[in-house]
Amino acid sequence: MSGSSGGGGGGGGGGGDSDLEALLKEFPALARLDDGRVKCNLTGHVMHAKSDVIQPYVRGKKFAAALLKEKALDGLKEFEPHIVRSKYVPDKLFCRITGRYVQAKESAVVQHSSGKRFERGVESLTNGGGGKMLKERRPEEVEAERKQLEAEQKKAAEAHSDNKKKAAAAAASSEGKKAKKGRITEQAKGTKAAVDEEEEGVE
């Protein structure tokens, strides 16, 4: 009896595995992890590798919405290789011409690809103007570089301001010295004239 019971349990496990494999085949967005669990690559949701856990998930609203977004993104592949799906920003596309992120909507992509900057970039590529397509980088790296550039620009602006102040102070000092020298010269002339007058009176 115990052997029969064990065989029945094994058969049930096999049936469960069969259902699970069918779900994984039906929904390519689901993938097994190294720890045996299953992850949805569309939403990042991780769940136990059991069909009775996965079935309610794939029938739910969240997964359905994710599938719709995926289909919408697939429909924008006609804009590749210039505009591609972002590796780091969900629901965004990355423009390899301008380096900007674009909403994953056809209207937004059409508007972006009609811009002058985009058109000039594509023209530079096709006409051998030396242009090249950009590679998407991690947003945190770009942000760190932007902050560093801002700090350098601020430092340069402060140095320029200090130099202008020093130049103005030096010019003011020079003018002051000239004015003082002029006053001394005038005084000397006045003194000399007075002496000359006295000498003439003595004669």
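We use all heavy atoms of the structure for the numbers below, so side chains are in, but hydrogens, waters and symmetry mates are not.
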Summary of salt bridge (charged side-chain N to carboxylate O under 4.0 Å, His left out) pairs that have at least one residue in [range], sequence neighbours excluded:
range: residues 30-48; result: E21-R32, D35-R37
range: residues 109-121; result: none
range: residues 53-70; result: K69-D91, E70-R85

Which residues share a side-chain hydrogen bond (donor to acceptor under 3.5 Å, both in side chains) with [X], sequence neighbours left out:
X: R100; value: none
X: S113; value: none
X: R138; value: none
X: E145; value: R137

Given a cutoff of under 4.5 Å between side-chain heavy atoms of I, L, V, M, F, W and Y, with clusters grown through shared members, what are the other residues clustered with L149? none

Establish whether L24 and V46 are linked, either directly or via other cluster members, by ILVMFWY side-chain heavy-atom contacts under 4.5 Å. no

Same hydrophobic cluster for V84 and V109, using side-chain heavy-atom links shorter than 4.5 Å among ILVMFWY? no

[X] side, atom [atom1]; [Y] side, atom [atom2] - distance, nearest 0.5 Å:
X: L20; Y: D52; atom1: CG; atom2: CG; value: 10.0 Å
X: L30; Y: Y57; atom1: CG; atom2: OH; value: 7.0 Å
X: S124; Y: M133; atom1: OG; atom2: CE; value: 12.0 Å
X: E80; Y: L93; atom1: CD; atom2: CG; value: 9.0 Å
X: K132; Y: I97; atom1: NZ; atom2: CD1; value: 12.5 Å
X: L42; Y: F27; atom1: CG; atom2: CZ; value: 11.0 Å

I need the minimum non-hydrogen distance between [X] and [Y], along with the two atoms involved.
X: P81; Y: R96; result: O-CD, 3.3 Å
X: V58; Y: F63; result: O-CD2, 3.4 Å
X: V38; Y: I54; result: CG2-CD1, 3.9 Å
X: G36; Y: A49; result: O-CB, 3.1 Å
X: L23; Y: Q55; result: CD1-CG, 3.6 Å
X: V89; Y: P139; result: CG2-CG, 4.2 Å

For H48, all residues meeting ring pair (Phe, Tyr, Trp, His ring centres under 6.0 Å), sequence neighbours excluded: none

H82: ring pair (Phe, Tyr, Trp, His ring centres under 6.0 Å) partners, not counting sequence neighbours: none

Applied to residues 145-180, the ring-ring contact (aromatic ring centres under 6.0 Å, His included) test, sequence neighbours excluded, yields none

Quick test of your reading: applying ring-ring contact (aromatic ring centres under 6.0 Å, His included), list the pairs with at least one residue in residues 90-109, sequence neighbours left out, ordered by first then second residue. F94-Y101

Would you check if the side chain of S114 reaches a backbone N or O of V110 as a donor-acceptor pair within less than 3.5 Å? yes

Strictly distance-based, threshold 3.5 Å: is any side-chain N or O of Q103 a donor or acceptor partner for the main-chain N or O of K92? no

Less than 4.0 angstrom from a charged side-chain N to a carboxylate O is my criterion; do E150 and R146 meet it? yes

